[in-house]
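Here's the structure we're looking at; comments come further down.
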Amino acid sequence: MDELLDAPYESGNVIFLALTGWEQQDYIDDVLTEHFDIECEYQVVDDEAKIYRIFFPPTCRTELESAISEINAHHVKHGKIYQTI
């Protein structure tokens with residue numbers, strides 16, 4: 001299994017993850033919350049425009065980058081996704 005996430009993007013005073021679909025957005029939000037205790041500020045879902053983003057405060061950039069690295073390493077090493085509730 002390849003890496004799942006790109007590094008977060010920064011725009012103004014927010015950081016966001018751009019995702020490929022609603023399922024990935026839901027999964028990543030669950031993993032960040034349940035395994036890394038990182039809460040998003042808000043989410044944007046636009047199925048017509050195919051925009052799926054999770055937004056975070058800029059203060060959690062380092063924590064978010066670390067979590068993304070761990071998630072990607074887990075997927076590459078184990079070839080499976082995290083278990084979520």
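For T33, the side chain to side chain contact (heavy atoms under 4.5 Å, CB included) partners are D29, E39, not counting sequence neighbours. A search for salt bridge (Lys or Arg N to Asp or Glu O under 4.0 Å) contacts involving E10 returns R61, not counting sequence neighbours. In this structure D37 satisfies the side chain to side chain contact (heavy atoms under 4.5 Å, CB included) test with no other residue, sequence neighbours excluded. Residues satisfying the ring pair (Phe, Tyr, Trp, His ring centres under 6.0 Å) test with F36, not counting sequence neighbours, are none. In terms of the side chain to side chain donor-acceptor pair (under 3.5 Å) criterion, S66 has no residue partners (sequence neighbours excluded).
Interatomic distance, CD of Q25 versus CG of L19, reported as 6.0 Å (0.5 Å rounding). Atom CG of L17 and atom CD1 of I68 lie 4.5 Å apart (nearest 0.5 Å). Distance check, rounded to the nearest 0.5 Å: CD of E41 to CZ of F16 gives 13.5 Å. Residue E65 holds its CD atom at 9.5 Å from SG of C60, rounded to the nearest 0.5 Å.
Pairing each heavy atom of I15 with each of P57, the nearest pair is CD1-O, 4.0 Å.
Side chain of Y82 to backbone of Y27: no donor-acceptor contact under 3.5 angstrom is found.
The side chain to side chain donor-acceptor pair (under 3.5 Å) analysis of residues 50-60, with sequence neighbours excluded, yields the pairs D47-Y52.
Considering I54, L64, I28 as possible partners of C40, the one that fulfils the side chain to side chain contact (heavy atoms under 4.5 Å, CB included) test is I54.
Here the side chains of F56 and L32 are in contact, with some heavy-atom distance below 4.5 Å.
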